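Notes to accompany the following structure.
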Amino acid sequence: MSDCIFCKIAAGEISSKLVYEDDRVIAFEDINPQLPVHVLVIPKDHYDHIGDDVPEDLMGHLITVAAKVAAIKGVDKTGYRLITNIGEDGRQTVIHLHLHVLGGAKMPLRMGPAD
Ligand code: 5GP
Ligand code: ZN
C-alpha cells in the first residue's frame, strides 16, 4: 500500500532500527517504546491485521520470528508479551499487521478495559 508507513519501512523508504530481517518479515524497534524491549514484527507484504486472509504459514512465521527477536533482545528467559492490536477497540493505530514484542519489565496483571 503506497501510503502505509510500515510498507515504507519494509521497503527501506523510511529508516528504522532493524532487529531482524528475512525474505518475508522485518523486525524493528518501536519509535515510542512502552517498555525497555519494544520491537515490532511485520510481514513485508501488506495485511491490515490478523483475520485479513493472512496465509497461515506466514502467520506462523511471524510468531516464530517474534520468539527469535525475544532471544536476540535477551528476554526469552525472563519472559515477555506478544501483542497484536486489531481495529478500533483494540487501539490499532497503524493499519499494517504487526506483533509487539514487549519485555524487560514485569507486565501489569490486568488486561481488562481501559479506565
Ligand atoms: P498499534 O497501536 O497500531 O498496535 O502500534 C503501532 C506502533 O507503531 C506504536 O507502538 C508506534 O509507536 C509505532 N510506530 C508508529 N510509527 C512508527 C514509525 O514510523 N517507526 C517506528 N519504528 N514505529 C512506529
Ligand atoms: Zn502496509
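Ligands are counted one by one from 1 in listed order, and the atoms in each one are counted from 1 as well. Predicted, not measured: the structure shown is a model, and the values here were computed from it.
With respect to atom 23 (N) of ligand 1, the closest heavy atom belonging to the protein is I31 N, 3.2 Å. Ranking protein heavy atoms by distance to atom 15 (C) of ligand 1, first place goes to V94 CG2, 3.9 Å. At the shortest separation from atom 10 (O) of ligand 1 among protein heavy atoms lies D30 OD2, 2.5 Å. Scanning the protein heavy atoms around atom 2 (O) of ligand 1, the nearest turns out to be T93 OG1, 2.9 Å. If you check which protein heavy atom lies closest to atom 19 (O) of ligand 1, you get I5 CD1, 3.4 Å.
In E29, the part holding a heavy atom less than 4.0 Å from any atom of ligand 1 is the backbone. In H98, the part holding a heavy atom less than 4.0 Å from any atom of ligand 1 is the side chain. Contacts with ligand 1 closer than 4.0 Å are made by no heavy atom of I14, backbone or side chain. Counting heavy atoms closer than 4.0 Å to ligand 1, residue I9 contributes side-chain atoms (C-beta onward) but none from N, CA, C or O.
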For the pair Y47 and D45, evaluate side chain to side chain donor-acceptor pair (under 3.5 Å) and give the outcome as yes or no after the intermediate values. CA-CA 7 Å; Y47 299 91; D45 289 342; 4.6 Å; no

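Every atom of ligand 1 is numbered from 1 in the order shown, and the set under 4.0 Å from a heavy atom of F28 is 21 (C), 22 (N).
Aromatic pair H100/H98: ring centres closer than 6.0 Å.
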